[in-house]
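Numbering of ligands and ligand atoms starts at 1, following listing order.
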Amino acid sequence: MVSFKLFSLTTLAAVVTAQNATIRYMPFGDSITEIICWRAKLWEKLQTTEWKSVDFVGSGKTENNCKDTKYDRDNEGHSGFLAIDIANKKQLDGWLQKNPADVITMHLGTNDIVQQNKAVADIIKAFTTLVSTMRTSNPKMKIIVAQIIPMGTGSYNTKIQDLNKAIIPWATGLNSTDSPIWVVDQYTGFSGSSDLRDGVHPNDSGDTKMMNVWYPALVNALQVIKSARLSERDGEVVERRFVA
Ligand SMILES: *[C@@H]1O[C@H](CO)[C@@H](O)[C@H](O)[C@H]1NC(C)=O
Ligand SMILES: *[C@@H]1O[C@H](CO)[C@@H](O)[C@H](O)[C@H]1NC(C)=O
Ligand SMILES: *[C@@H]1O[C@H](CO)[C@@H](O)[C@H](O)[C@H]1NC(C)=O
């Protein structure tokens with residue numbers, strides 16, 4: 001009898017802990033995730049909501065003079081990196097091992113196009129590898145993929161738009177209930193002139209626009225994670241009562 005009660009309490013404690021466990025969010029990408037201020041703006045906006053305890057995770061701590069000493073700087077933005085290289089070198093595998101996540105945002109492909117004029121099909125193939133890595137790390141990973149922002153220099157935007165178009169059917173094809181992929185449009189409404197500070201990276205106005213596109217998608221993903229955890233808890237409690 002006594003040992004049975006202990007078992008029940010232990011189970012209940014584990015269940016409550018699981019329900020309360022912090023949600024871990026990895027901002028993943030290149031310099032447009034690393035040396036920008038949309039992460040600071042996103043973190044600040046979450047502080048006014050029930051999601052203020054969400055833990056930003058990643059090996060990077062880069063600060064970009066965002067004039068914000070409080071925000072959680074952890075991120076997996078890597079300046080200059082190509083999606084194709086990250087996939088081929090299996091770098092995300094190690095990054096997620098060090099810093100597992102429940103939800104991830106990905107803004108990638110800019111360097112593939114701007115630095116090396118890679119084919120859209122090859123970038124998409126790399127995205128598939130990256131999604132597979134995410135799901136190996138966490139079969140329930142919630143994935144938010146950006147249709148990427150335009151550039152202000154050169155003539156890259158036709159190809160950027162080709163990539164952005166290809167992202168939709170690709171994401172639909174890989175979608176799943178446990179690990180949904182949501183596509184967000186960071187291109188439309190973003191100005192290659194007035195929202196960039198250097199032709200490549202967002203300035204204050206661009207950071208605000210990017211944050212405003214990420215925010216509803218991230219909050220939706222957090223809600224999905226929370227609901228799943230609550231129903232798992234209900235399932236366990238029912239099971240425990242049944243056993244008792
Ligand atoms: C879970 O969260 C509630 C409300 O925030 C808190 O009162 C409780 O102590 C937490 N429980 C655990 C096990 O962390
Ligand atoms: C993937 O499925 C989710 C529902 O689980 C849906 O909200 C989302 O739009 C789908 N994504 C794509 C790219 O179709
Ligand atoms: C953003 O940068 C562009 C020039 O690159 C400038 O025209 C615009 O005023 C800047 N806006 C803000 C809010 O920093």
Side-chain angles (χ1 to χ4, degrees), residues 23 25 28 31-32 35-42 44-45 63-68 83 101-110 114 120-121 123-132 134-135 138-157 160-232:
I23 297 179
Y25 159 52
F28 167 55
S31 59
I32 297 167
I35 50 169
I36 44 69
C37 291
W38 64 253
R39 286 185 286 106
K41 289 176 187 288
L42 189 57
E44 288 295 341
K45 186 150 179 170
E63 155 59 4
N64 189 48
N65 195 22
C66 297
K67 300 183 175 64
D68 183 335
D102 301 296
V103 53
I104 189 165
T105 55
M106 179 173 98
H107 188 292
L108 269 181
T110 307
V114 170
V120 166
I123 302 171
I124 290 286
K125 218 163 93 188
F127 284 4
T128 301
T129 303
L130 295 173
V131 163
S132 159
M134 293 171 196
R135 288 174 172 169
N138 176 0
K140 293 181 179 172
M141 185 78 85
K142 309 299 182 259
I143 303 167
I144 301 168
V145 176
Q147 293 177 295
I148 61 179
I149 60 170
M151 294 288 94
T153 57
S155 50
Y156 306 112
N157 289 341
I160 285 176
Q161 283 175 291
D162 287 346
L163 172 64
N164 285 344
K165 259 183 231 143
I167 284 175
I168 302 269
W170 162 79
T172 306
L174 279 185
N175 212 3
S176 83
T177 307
D178 277 352
S179 173
I181 305 176
W182 291 288
V183 177
V184 296
D185 183 0
Q186 293 283 13
Y187 188 98
T188 305
F190 194 101
S191 165
S193 47
S194 61
D195 292 327
L196 295 171
R197 60 180 145 87
D198 55 5
V200 178
H201 303 98
N203 63 10
D204 190 56
S205 135
D207 280 321
T208 299
K209 284 188 183 177
M210 289 191 74
M211 183 275 282
N212 280 329
V213 172
W214 292 127
Y215 180 78
L218 181 59
V219 163
N220 176 62
L222 297 172
Q223 194 65 59
V224 169
I225 293 166
K226 183 184 173 185
S227 304
R229 285 184 182 176
L230 285 173
S231 64
E232 269 166 33

- Query: Just checking, is any N or O donor in the side chain of Thr110 or Tyr156 under 3.5 Å from an acceptor N or O on the other one?
  - Reply: no

- Item | For Ala171, atoms of ligand 2 separated by under 4.0 Å from a heavy atom | 13 (C)

- ring-ring contact (aromatic ring centres under 6.0 Å, His included): which pairs involve residues 169-192, sequence neighbours left out? Phe127-Trp170

Return a table of N or O atom pairs, ligand 3 on one side and protein on the other, at distances under 3.5 Å, rounded to 0.1 Å.
{"from": "ligand 3", "atom 1": "2 (O)", "to": "Leu196", "atom 2": "O", "distance (Å)": "3.2"}
{"from": "ligand 3", "atom 1": "2 (O)", "to": "Asn203", "atom 2": "ND2", "distance (Å)": "2.2"}
{"from": "ligand 3", "atom 1": "5 (O)", "to": "Leu196", "atom 2": "O", "distance (Å)": "2.5"}
{"from": "ligand 3", "atom 1": "11 (N)", "to": "Asn203", "atom 2": "ND2", "distance (Å)": "3.0"}
{"from": "ligand 3", "atom 1": "14 (O)", "to": "Asn203", "atom 2": "ND2", "distance (Å)": "3.3"}

- Arg135 side chain to Met141 main-chain N or O, any donor-acceptor pair under 3.5 Å? no

- Query: Going by heavy atoms in the side chains, are Leu130 and Leu108 under 4.5 Å from each other?
  - Reply: yes

- Task: Looking only at distances, please establish whether an N/O atom of ligand 2 is found under 3.5 Å from an N/O atom of Ile168.
- Result: no

- Look only at interatomic distance and state if Ser176 has a nitrogen or oxygen under 3.5 Å from any nitrogen or oxygen of ligand 2. no

- Per-residue contact class, Thr172 against ligand 2 - non-hydrogen pairs under 4.0 Å: both

- Give every residue pair that meets the salt bridge (Lys or Arg N to Asp or Glu O under 4.0 Å) criterion with at least one member in residues 176-198, sequence neighbours excluded. Asp195-Lys209

- Item | Positive for side-chain contact (heavy atoms from CB on, under 4.5 Å) with His201, one of Asp207, Ile149, Asn64, Ile35 | Ile35

If you look only at distance, which donor and acceptor atoms sit under 3.5 Å apart when one is on a side chain in residues 210-219 and the other is two or more places apart or in another chain?
{"from": "Asn212", "atom 1": "ND2", "to": "Thr208", "atom 2": "O", "distance (Å)": "3.3"}

- Task: Have a look at ligand 2 and work out which part of Thr177, if any, has a heavy atom under 4.0 Å from it: side chain, backbone, both or neither.
- Result: neither

- Can you check whether Lys67 reaches Asn65 side chain to side chain, under 4.5 Å on heavy atoms? yes

